[in-house]
Amino acid sequence: MSMFKRSMFNVQCSMIIPLLLLFVSLGAQAQTNMVGRVYHNANIMAGKMKELTKDIDKKFDEMKADAIKKAEEKKKRKLTAKELAEVEEKVKEGQKMMKAIENGMKTAITITFKDAKTAIMKMDMKLDDAAMKAAGVSWAKRKMLQAACAVAPSDKSKYTVKGDMIILDDGTDKDTLTLSEDGKYLSGKMDEDTPFKLTRTK
(Lines give C-alpha, C1' and ligand atoms only; values in the text may rest on other atoms or scores of the structure.)
Protein backbone atom coordinates (compact mmCIF):
# COMPACT_ATOMS: atom_id res chain seq x y z
CA MET A 1 0.00 0.00 0.00
CA SER A 2 1.42 3.41 -0.97
CA MET A 3 2.01 6.05 1.70
CA PHE A 4 -0.82 8.17 0.21
CA LYS A 5 -3.29 5.30 0.28
CA ARG A 6 -2.16 4.35 3.78
CA SER A 7 -2.67 7.90 4.98
CA MET A 8 -6.14 8.02 3.42
CA PHE A 9 -6.99 4.67 5.06
CA ASN A 10 -5.83 5.93 8.46
CA VAL A 11 -7.91 9.10 8.07
CA GLN A 12 -10.98 7.05 7.10
CA CYS A 13 -10.51 4.72 10.06
CA SER A 14 -10.05 7.66 12.42
CA MET A 15 -13.40 9.03 11.20
CA ILE A 16 -15.37 5.79 10.84
CA ILE A 17 -14.48 4.11 14.13
CA PRO A 18 -15.72 7.00 16.35
CA LEU A 19 -18.88 7.19 14.24
CA LEU A 20 -19.48 3.46 14.63
CA LEU A 21 -18.93 3.75 18.38
CA LEU A 22 -21.36 6.68 18.48
CA PHE A 23 -24.03 4.72 16.62
CA VAL A 24 -23.56 1.70 18.89
CA SER A 25 -23.79 3.97 21.93
CA LEU A 26 -26.93 5.67 20.64
CA GLY A 27 -28.48 2.30 19.81
CA ALA A 28 -27.75 1.03 23.31
CA GLN A 29 -29.26 4.16 24.84
CA ALA A 30 -32.43 3.84 22.74
CA GLN A 31 -32.69 0.21 23.74
CA THR A 32 -32.26 0.69 27.49
CA ASN A 33 -33.89 4.06 28.14
CA MET A 34 -37.30 3.01 29.41
CA VAL A 35 -37.53 5.69 32.10
CA GLY A 36 -40.85 7.52 32.07
CA ARG A 37 -42.53 5.20 29.59
CA VAL A 38 -46.05 3.96 30.26
CA TYR A 39 -47.65 0.94 28.51
CA HIS A 40 -51.35 0.15 28.78
CA ASN A 41 -54.07 -2.28 27.68
CA ALA A 42 -57.68 -1.44 28.63
CA ASN A 43 -58.96 -5.02 28.51
CA ILE A 44 -56.23 -7.61 28.50
CA MET A 45 -58.51 -10.66 28.86
CA ALA A 46 -61.07 -9.77 26.16
CA GLY A 47 -59.91 -12.44 23.70
CA LYS A 48 -59.51 -15.09 26.40
CA MET A 49 -63.02 -14.54 27.79
CA LYS A 50 -64.53 -14.97 24.33
CA GLU A 51 -62.66 -18.25 23.91
CA LEU A 52 -63.92 -19.47 27.28
CA THR A 53 -67.55 -18.70 26.52
CA LYS A 54 -67.27 -20.39 23.10
CA ASP A 55 -65.89 -23.49 24.82
CA ILE A 56 -68.77 -23.44 27.30
CA ASP A 57 -71.33 -23.24 24.47
CA LYS A 58 -69.66 -26.17 22.69
CA LYS A 59 -69.52 -28.27 25.86
CA PHE A 60 -73.08 -27.61 27.04
CA ASP A 61 -74.19 -31.26 26.69
CA GLU A 62 -71.01 -32.48 28.39
CA MET A 63 -71.49 -30.04 31.28
CA LYS A 64 -75.16 -31.04 31.64
CA ALA A 65 -74.27 -34.76 31.69
CA ASP A 66 -71.58 -34.15 34.30
CA ALA A 67 -73.98 -32.12 36.48
CA ILE A 68 -76.62 -34.86 36.24
CA LYS A 69 -74.08 -37.53 37.16
CA LYS A 70 -72.94 -35.59 40.24
CA ALA A 71 -76.54 -34.92 41.31
CA GLU A 72 -77.43 -38.62 40.97
CA GLU A 73 -74.33 -39.67 42.92
CA LYS A 74 -75.31 -37.27 45.68
CA LYS A 75 -78.93 -38.50 45.79
CA LYS A 76 -77.90 -42.15 45.11
CA ARG A 77 -80.70 -42.55 42.57
CA LYS A 78 -81.83 -41.46 39.11
CA LEU A 79 -83.18 -37.92 38.86
CA THR A 80 -86.85 -37.27 38.20
CA ALA A 81 -87.96 -35.30 35.13
CA LYS A 82 -88.43 -32.23 37.33
CA GLU A 83 -84.96 -32.60 38.85
CA LEU A 84 -83.41 -33.05 35.39
CA ALA A 85 -85.08 -29.83 34.26
CA GLU A 86 -83.70 -28.04 37.34
CA VAL A 87 -80.16 -29.27 36.62
CA GLU A 88 -80.41 -28.11 33.00
CA GLU A 89 -81.67 -24.71 34.16
CA LYS A 90 -78.68 -24.35 36.51
CA VAL A 91 -76.24 -25.22 33.70
CA LYS A 92 -77.92 -22.63 31.45
CA GLU A 93 -77.65 -20.10 34.26
CA GLY A 94 -73.92 -20.81 34.45
CA GLN A 95 -73.61 -20.20 30.71
CA LYS A 96 -75.49 -16.93 31.06
CA MET A 97 -73.21 -15.89 33.91
CA MET A 98 -70.07 -16.51 31.83
CA LYS A 99 -71.44 -14.51 28.90
CA ALA A 100 -72.37 -11.70 31.26
CA ILE A 101 -68.83 -11.70 32.65
CA GLU A 102 -67.44 -11.64 29.10
CA ASN A 103 -69.51 -8.59 28.23
CA GLY A 104 -69.24 -6.86 31.59
CA MET A 105 -65.70 -7.53 32.85
CA LYS A 106 -62.67 -5.51 31.84
CA THR A 107 -59.16 -6.16 33.11
CA ALA A 108 -56.78 -3.27 32.43
CA ILE A 109 -53.01 -3.44 32.92
CA THR A 110 -50.64 -0.49 33.08
CA ILE A 111 -46.85 -0.74 33.39
CA THR A 112 -44.96 2.42 34.34
CA PHE A 113 -41.15 2.54 34.20
CA LYS A 114 -40.41 4.87 37.11
CA ASP A 115 -36.62 4.95 36.81
CA ALA A 116 -33.75 2.96 35.30
CA LYS A 117 -34.42 -0.03 37.56
CA THR A 118 -37.99 0.13 38.85
CA ALA A 119 -41.28 -0.62 37.10
CA ILE A 120 -44.78 -0.56 38.58
CA MET A 121 -47.52 -2.81 37.21
CA LYS A 122 -51.13 -2.01 38.09
CA MET A 123 -54.07 -4.30 37.33
CA ASP A 124 -57.56 -2.79 37.41
CA MET A 125 -60.59 -5.11 37.15
CA LYS A 126 -64.05 -3.64 36.59
CA LEU A 127 -67.52 -5.09 36.09
CA ASP A 128 -70.17 -3.25 34.11
CA ASP A 129 -73.27 -3.53 36.30
CA ALA A 130 -75.64 -2.67 33.42
CA ALA A 131 -74.23 -5.45 31.20
CA MET A 132 -74.49 -7.97 34.02
CA LYS A 133 -78.05 -6.91 34.83
CA ALA A 134 -79.09 -7.11 31.17
CA ALA A 135 -77.79 -10.69 31.07
CA GLY A 136 -80.09 -11.61 33.95
CA VAL A 137 -77.49 -11.83 36.72
CA SER A 138 -79.16 -11.20 40.09
CA TRP A 139 -78.35 -8.18 42.25
CA ALA A 140 -76.71 -10.39 44.92
CA LYS A 141 -74.47 -12.16 42.40
CA ARG A 142 -73.54 -8.86 40.74
CA LYS A 143 -72.46 -7.43 44.09
CA MET A 144 -70.50 -10.58 44.90
CA LEU A 145 -68.63 -10.41 41.58
CA GLN A 146 -67.99 -6.69 41.95
CA ALA A 147 -66.58 -7.23 45.44
CA ALA A 148 -64.27 -9.94 44.11
CA CYS A 149 -62.95 -7.51 41.49
CA ALA A 150 -62.68 -4.50 43.82
CA VAL A 151 -59.03 -5.06 44.78
CA ALA A 152 -56.67 -3.54 42.23
CA PRO A 153 -53.18 -4.90 42.95
CA SER A 154 -50.15 -2.75 42.21
CA ASP A 155 -46.78 -4.51 42.08
CA LYS A 156 -43.34 -2.93 42.14
CA SER A 157 -40.64 -4.82 40.25
CA LYS A 158 -37.02 -4.45 39.32
CA TYR A 159 -36.38 -4.64 35.60
CA THR A 160 -33.45 -5.19 33.27
CA VAL A 161 -33.21 -4.75 29.52
CA LYS A 162 -31.52 -7.34 27.30
CA GLY A 163 -31.85 -6.50 23.63
CA ASP A 164 -35.59 -6.36 22.95
CA MET A 165 -36.45 -8.20 26.19
CA ILE A 166 -37.65 -6.46 29.35
CA ILE A 167 -37.23 -8.78 32.34
CA LEU A 168 -39.39 -7.94 35.38
CA ASP A 169 -38.49 -9.39 38.78
CA ASP A 170 -40.72 -8.74 41.82
CA GLY A 171 -38.51 -10.83 44.08
CA THR A 172 -40.71 -13.91 43.74
CA ASP A 173 -41.33 -14.40 40.02
CA LYS A 174 -39.79 -13.23 36.79
CA ASP A 175 -41.72 -12.20 33.69
CA THR A 176 -40.26 -11.44 30.29
CA LEU A 177 -41.83 -8.89 27.95
CA THR A 178 -40.78 -8.24 24.37
CA LEU A 179 -40.36 -4.66 23.16
CA SER A 180 -41.35 -3.98 19.55
CA GLU A 181 -38.70 -2.54 17.23
CA ASP A 182 -40.37 0.88 17.21
CA GLY A 183 -40.87 0.81 21.00
CA LYS A 184 -44.64 1.26 20.73
CA TYR A 185 -45.64 -2.14 22.12
CA LEU A 186 -44.77 -4.55 24.91
CA SER A 187 -45.84 -8.15 24.39
CA GLY A 188 -46.00 -10.96 26.90
CA LYS A 189 -48.07 -13.86 28.22
CA MET A 190 -50.34 -14.20 31.24
CA ASP A 191 -49.89 -17.96 30.77
CA GLU A 192 -49.06 -20.28 27.87
CA ASP A 193 -52.47 -19.77 26.26
CA THR A 194 -53.01 -16.07 26.98
CA PRO A 195 -50.76 -13.66 25.06
CA PHE A 196 -51.22 -9.91 25.47
CA LYS A 197 -49.95 -6.63 24.05
CA LEU A 198 -49.57 -3.29 25.81
CA THR A 199 -49.48 -0.02 23.86
CA ARG A 200 -47.20 2.86 24.80
CA THR A 201 -49.21 5.87 26.01
CA LYS A 202 -46.37 8.06 27.27
Side-chain angles (χ1 to χ4, degrees), residues 38-112 120-157 168-178 185-199 201:
V38 178
Y39 290 84
H40 178 73
N41 185 318
N43 192 8
I44 204 165
M45 295 295 289
K48 186 67 174 179
M49 292 305 293
K50 286 181 180 179
E51 286 179 19
L52 287 172
T53 51
K54 283 180 182 177
D55 286 344
I56 287 172
D57 285 340
K58 288 177 181 177
K59 294 181 179 179
F60 174 74
D61 290 336
E62 183 181 326
M63 291 168 64
K64 185 173 72 172
D66 187 55
I68 291 169
K69 181 182 177 182
K70 286 179 179 177
E72 288 180 339
E73 286 175 352
K74 186 176 180 180
K75 292 180 180 292
K76 297 181 179 179
R77 63 172 173 80
K78 291 290 183 181
L79 299 182
T80 65
K82 183 180 177 182
E83 288 170 338
L84 284 170
E86 288 173 354
V87 168
E88 185 168 339
E89 188 59 34
K90 285 182 180 179
V91 174
K92 284 182 178 178
E93 189 179 334
Q95 282 184 300
K96 187 187 290 184
M97 176 79 77
M98 283 302 298
K99 288 183 178 180
I101 290 172
E102 177 197 331
N103 294 325
M105 179 183 281
K106 290 185 178 180
T107 305
I109 288 184
T110 304
I111 297 179
T112 303
I120 295 175
M121 184 185 79
K122 184 176 181 181
M123 183 180 290
D124 188 13
M125 297 176 70
K126 291 182 179 178
L127 276 171
D128 185 333
D129 191 69
M132 301 285 284
K133 186 176 180 180
V137 180
S138 70
W139 177 86
K141 286 182 179 177
R142 295 201 309 272
K143 293 303 175 187
M144 180 186 68
L145 288 166
Q146 287 167 347
C149 294
V151 180
S154 183
D155 296 319
K156 184 183 287 187
S157 300
L168 301 173
D169 185 353
D170 66 359
T172 304
D173 296 307
K174 289 184 180 181
D175 288 300
T176 300
L177 303 175
T178 303
Y185 305 103
L186 274 179
S187 300
K189 287 185 176 182
M190 293 287 283
D191 55 49
E192 285 302 314
D193 301 315
T194 315
F196 64 84
K197 182 185 283 186
L198 309 178
T199 302
T201 58

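Everything quoted here is computed from the prediction, not taken from an experiment.
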Roughly how far, to the nearest 0.5 Å, is [atom2] of [Y] from [atom1] of [X]?
X    : Y    : atom1 : atom2 : answer
Y39  : T199 : OH    : OG1   : 9.5 Å
D175 : I111 : CG    : CD1   : 8.5 Å
L168 : T176 : CG    : OG1   : 8.0 Å
D155 : M121 : CG    : CE    : 5.0 Å
I120 : K156 : CD1   : NZ    : 5.5 Å
H40  : T112 : NE2   : OG1   : 10.5 Å

Could you report the tightest heavy-atom contact between [X] and [Y], atom names first, then the distance?
X    : Y    : answer
T107 : N43  : N-OD1, 3.1 Å
G188 : L177 : CA-CD2, 3.9 Å
A42  : K106 : O-CB, 4.2 Å

Apply side chain to side chain donor-acceptor pair (under 3.5 Å) to D129 and list each qualifying residue two or more places apart in sequence or on a separate chain.
R142, Q146
Show the atom names and distances, to 0.1 Å, of all donor-acceptor pairs under 3.5 Å that link a side chain in residues 80-88 to residues at least two apart or in another chain.
| from | atom 1 | to | atom 2 | distance (Å) |
| --- | --- | --- | --- | --- |
| T80 | OG1 | E83 | N | 3.1 |
| T80 | OG1 | E83 | OE1 | 3.4 |
| E83 | OE1 | R77 | NH1 | 3.0 |
| E83 | OE1 | T80 | N | 2.9 |
| E83 | OE2 | R77 | NH2 | 2.8 |

Would you say N41 and Y185 make side-chain contact, with heavy atoms under 4.5 Å?
no
Heavy-atom distance under 4.5 Å between the side chains of K64 and I68, does that happen here?
yes
Once side-chain contact (heavy atoms from CB on, under 4.5 Å) is applied, do any residues pair with T172, and if so which ones, sequence neighbours excluded?
D170
